[in-house]
Amino acid sequence: MPETAKSAIEVKGLVTRFGRNVIHDGVDLTVRRGEILALVGGSGTGKSVLLRNIIGLMTPAAGEVEVLGRDMTGMTPVERHSFKRHWGMLFQDGALFSSLTVAQNIEVPLREHLRLKPALRREIALLKIAMTGLPPGAADKYPSELSGGMRKRAGLARALALDPDILLLDEPTAGLDPIGASNFDTLLRTLQGALGLTVIMVTHDLDSLVAVADRIAVLVDKRVKVDTLDRLRRDPHPWIQEYFNGPRARAAMGEG
Ligand SMILES: Nc1ncnc2c1ncn2[C@@H]1O[C@H](COP(=O)(O)OP(=O)(O)OP(=O)(O)O)[C@@H](O)[C@H]1O
């Protein structure tokens with residue numbers, strides 16, 4: 001990680017528009033190194049779009065996005081491609097290539113960014129498979145042969161293929177049963193601690209939020225409010241009150 005970067009991610013005055021539809025209107029967000037930041041907000045408030053801005057898949061209408069001290073908005077496509085190795089992304093549905101086995105999926109970013117002998121590539125893929133708690137037999141299975149929880153782990157293994165500094169997760173526990181979701185939370189905490197990852201996780205899962213988030217960023221009124229769960233619960237904004245003090249949130253916090 002470049003030494004000059006004080007924080008992992010700095011977003012300043014971000015404006016995102018699709019035609020006349022303004023999604024973000026002055027978003028400021030600092031993600032500290034080594035924290036797990038959960039990103040929440042109502043449907044369509046622009047959580048996924050914010051992730052896409054951070055990884056340079058979109059150019060904002062205005063504002064700055066700095067990742068590890070590098071300006072994402074000013075990068076050329078070649079620079080952006082080589083910078084990709086600093087972050088890994090787990091998309092909502094895992095987004096694995098269905099025609100490739102799990103090991104081959106994990107090898108895709110290794111092929112893209114490194115020149116390695118096939119045997120070493122395979123060894124790294126097997127290591128990532130073990131790290132994410134998949135059985136060794138999963139390596140040669142196709143995504144369609146795996147359960148939803150295993151597919152998420154395989155997606156996570158691929159996101160970790162290049163030993164990134166930053167991990168971005170888009171609804172990692174969506175579609176998992178409560179035990180599968182809780183196991184995924186534990187895995188995420190363990191990997192984050194062991195690898196010193198900075199994690200941004202979009203989630204609607206209140207249990208997961210309580211279990212793993214160090215801080216929470218809430219997208220409301222086209223901007224972001226960031227704080228700890230305890231402090232956000234005292235924020236008077238109506239959406240924040242409903243979300244963090246509603247019956248489901250109280251149940252997740254053991255107050256039900
Ligand atoms: N490529 C695009 N072109 C036009 N509008 C888009 C595009 N991508 C996203 N949007 C719009 O931007 C808004 C924010 O989308 P986004 O997917 O970020 O929401 P979200 O907060 O992740 O929602 P959800 O929780 O439902 O997944 C939505 O109104 C969506 O329709």
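This structure is a prediction, so every number in the text was calculated from the model and none was measured. We count ligands from 1, going down the list as the structure has it; atoms in each ligand are counted the same way.
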Against heavy atoms of His204, which atoms of ligand 1 measure under 4.0 Å?
25 (O)

After noting the C-alpha distance and the side-chain angles of Asp185 and Ser208, does the key distance pass the side chain to side chain donor-acceptor pair (under 3.5 Å) rule?
CA-CA 6 Å; Asp185 290 341; Ser208 181; 2.8 Å; yes

heavy-atom search around atom 25 (O) of ligand 1 in the protein gives Lys47 NZ, 2.8 Å

Carboxylate-amine/guanidinium contact Asp227 Arg233, below 4.0 Å
no

Could you find the nearest protein heavy atom to atom 27 (O) of ligand 1 and give me its residue, atom name and distance?
Glu171 OE2, 4.0 Å

Do Glu10 and Thr30 have side-chain atoms, one donor and one acceptor, less than 3.5 Å apart?
yes

Are the side chains of Leu114 and Leu162 in contact, using a 4.5 Å heavy-atom criterion?
yes

Indicate yes or no: does an N/O atom of Gly46 lie under 3.5 Å from an N/O atom of ligand 1?
yes

Parallel, tilted or perpendicular: which one describes the rings of Tyr243 and Trp239, with boundaries at 30° and 60°?
parallel

Can you tell me which residue and heavy atom of the protein come closest to atom 26 (O) of ligand 1, and the distance to 0.1 Å?
Ser43 OG, 2.6 Å

Considering heavy atoms of the protein only, find what lies nearest to atom 23 (O) of ligand 1 and give residue, atom and distance to 0.1 Å.
Gly44 N, 2.9 Å

Is the closest heavy-atom distance from Gly41 to ligand 1 below 4.0 Å?
no

Please tell me if the side chains of Glu79 and Arg70 come closer than 4.5 Å, counting only heavy atoms from C-beta onward.
yes

Does atom CD of Glu242 have more than 12 heavy-atom neighbours, drawn from other residues, nucleotides or ligands, at distances under 6.0 Å?
no

Atom 12 (O) of ligand 1 - nearest protein heavy atom and its distance:
Ile23 CD1, 3.3 Å

For Arg52, counting its heavy atoms only, list the atoms of ligand 1 lying under 4.0 Å from any of them.
8 (N)

How about atom 9 (C) of ligand 1: does it have a protein heavy atom within less than 4.0 Å?
yes

Considering only the protein, which heavy-atom contact is closest to atom 17 (O) of ligand 1, and what is its distance?
Ser48 CB, 3.7 Å

Return the closest protein heavy atom for atom 1 (N) of ligand 1 as residue, atom name and distance.
Phe18 CE2, 3.8 Å

Does any part of the side chain of Val224, heavy atoms only, come nearer than 4.5 Å to the side chain of Val11, both counted from C-beta?
no

With side chains defined as the heavy atoms from C-beta onward, is the minimum distance between Thr73 and Glu64 less than 4.5 Å?
no

Nearest heavy atom to atom 18 (O) of ligand 1, choosing from Val49, Thr16, Val202, belongs to Val49

